Amino acid sequence: MIFPDQSPRRWYCLRSQPKHEHIAAARLRQCEDIEVFCPRVKIQRSTRRGLVWFTEALFPNYLFARFDMERWHGLVRYSPGVSGIVRFGDDVPEVPEGALADLRAFMDETELKTVTFTIAEGDDVEIVDGPFRGQVGVVKRLLPAHERVKVLLEVLGGATEVDFQLTSVFKEAPLLL
């Protein structure tokens, strides 16, 4: 008889194929004896089409799974999207339960965290729309009633304040960790 605290199920770090973390997680979740944690972030990026939302793995090419290594090694190792179980030589390290508990707390108990940014006076921003696209300037004033912002730009050798829609400026998201 195995008691809950003596369970052979342990957390391991898995390496996925590039951009296939979600595929590996979905496949492993089909087995009821395997618990999967694949933290992802939703962020905005500046593209040629303007600001676009992207969902990416918090740890690109890695995810976590809790399983009995002896019983499920083959299924986990050869699942679609998985390229291997992280190992150091012959040693397959376990991920401490506390480390994953901290990570889950940071992620607010979900696997998807939206990273938003707020613009404040003095922030450096990039213009992502219109004729000033690609220019970098400094926010001088927020005009929240009109959802606009005044940005100080270097134009023709001089500093000029220009009004933009809030959606036309982009500020890099802060680092998560």
Side-chain angles (χ1 to χ4, degrees), residues 1-120 123-126 128-129 144 147 166-177:
M1 172 186 243
I2 295 177
F3 296 100
D5 59 340
Q6 296 174 332
S7 170
R9 290 176 23 142
R10 302 280 188 255
W11 282 102
Y12 299 98
C13 183
L14 309 179
R15 181 161 175 80
S16 73
Q17 296 167 354
K19 304 278 188 192
H20 282 67
E21 302 89 356
H22 63 290
I23 294 170
R27 174 59 184 98
L28 292 170
R29 284 189 180 106
Q30 291 176 350
C31 181
E32 66 183 45
D33 287 343
I34 300 174
E35 185 179 349
V36 178
F37 184 59
C38 181
R40 299 178 304 150
V41 290
K42 186 175 179 181
I43 58 173
Q44 261 186 328
R45 286 227 173 99
S46 173
T47 68
R48 291 170 53 195
R49 297 177 291 160
L51 292 177
V52 178
W53 285 98
F54 288 88
T55 301
E56 299 178 348
L58 181 61
F59 303 108
N61 299 336
Y62 293 96
L63 65 150
F64 304 98
R66 184 177 184 208
F67 59 96
D68 176 355
M69 179 67 82
E70 205 171 292
R71 180 173 179 201
W72 296 109
H73 175 268
L75 179 109
V76 170
R77 169 64 188 89
Y78 297 105
S79 285
V82 174
S83 68
I85 300 171
V86 173
R87 60 183 340 113
F88 301 102
D90 290 335
D91 183 38
V92 179
E94 296 174 8
V95 177
E97 191 87 35
L100 280 174
D102 290 346
L103 185 55
R104 283 180 188 238
F106 172 77
M107 296 293 293
D108 301 325
E109 297 299 324
T110 65
E111 286 195 4
L112 181 64
K113 185 173 185 100
T114 301
V115 178
T116 58
F117 64 92
T118 56
I119 295 177
D123 286 346
D124 290 331
V125 293
E126 178 185 350
V128 295
D129 200 13
E147 293 188 359
L166 204 50
T167 57
S168 295
V169 298
F170 174 71
K171 175 183 158 189
E172 281 290 327
L175 294 176
L176 289 175
L177 301 175

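No experiment lies behind these values; they were computed from the predicted model shown.
- A salt bridge links Glu35 to Arg9: at least one charged side-chain nitrogen sits closer than 4.0 Å to a carboxylate oxygen.
- For Glu56 against Ile43, the heavy-atom pair with the smallest separation is OE1-CD1, 4.1 Å.
- Minimum heavy-atom separation, Cys31 to Leu75: CB-CD2, 4.4 Å.
- Contact record, Tyr12 with Val95: C-CG2, 3.9 Å, taken as the closest heavy-atom pair.
- The heavy-atom pair separating Val86 from Val92 by the smallest distance is O-CG1, 3.7 Å.
- In the displayed structure, Asp90 atom CG is contacted under 6.0 Å by at most 12 heavy atoms of other residues, nucleotides or ligands.
- A donor-acceptor pair under 3.5 Å links the side-chain atoms of Lys113 to the main chain of Phe106, judged by distance alone.
- Using bins of under 30°, 30° to 60° and over 60° for the plane-to-plane angle, the ring pair Phe64/Phe59 lands in the perpendicular bin.
- For Arg27 (side chain) and His22 (main-chain N/O), no donor-acceptor pair under 3.5 Å exists by modelled atom type.
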Exercise. Can you check side-chain contact (heavy atoms from CB on, under 4.5 Å) on Val36 and Gln30, steps first, answer last?
Worked result: CA-CA 10 Å; Val36 178; Gln30 291 176 350; over 6 Å; no

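- Side-chain atoms of His20 come within 3.5 Å of backbone N or O of Pro18 as a donor-acceptor pair.
- Side chains of Val76 and Ile85 form a contact here, defined as non-hydrogen atoms less than 4.5 Å apart.
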Exercise. Could you walk me through whether Val169 and Asp123 pass the side-chain contact (heavy atoms from CB on, under 4.5 Å) check?
Worked result: CA-CA 11 Å; Val169 298; Asp123 286 346; over 6 Å; no

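- Residues Phe37 and Glu111 have side chains in contact (heavy-atom distance under 4.5 Å, counting atoms from C-beta outward).
- In plain terms, the two heavy atoms of Thr55 and Arg40 that are nearest each other are CG2-NH1, 3.7 Å.
- The closest side-chain heavy-atom distance from Leu58 to Leu103 is below 4.5 Å.
- Residue pairs satisfying the ring pair (Phe, Tyr, Trp, His ring centres under 6.0 Å) criterion with at least one member in residues 68-105, sequence neighbours excluded, are absent.
- The line from CZ of Arg77 to OG of Ser83 is 6.5 Å long, rounded to the nearest 0.5 Å.
- Looking at heavy atoms from C-beta onward, Asn61 lies in side-chain contact with Ser16 at the 4.5 angstrom threshold.
- Thr114 places no side-chain N or O within 3.5 Å of a backbone atom of Lys42 that could act as its donor or acceptor partner.
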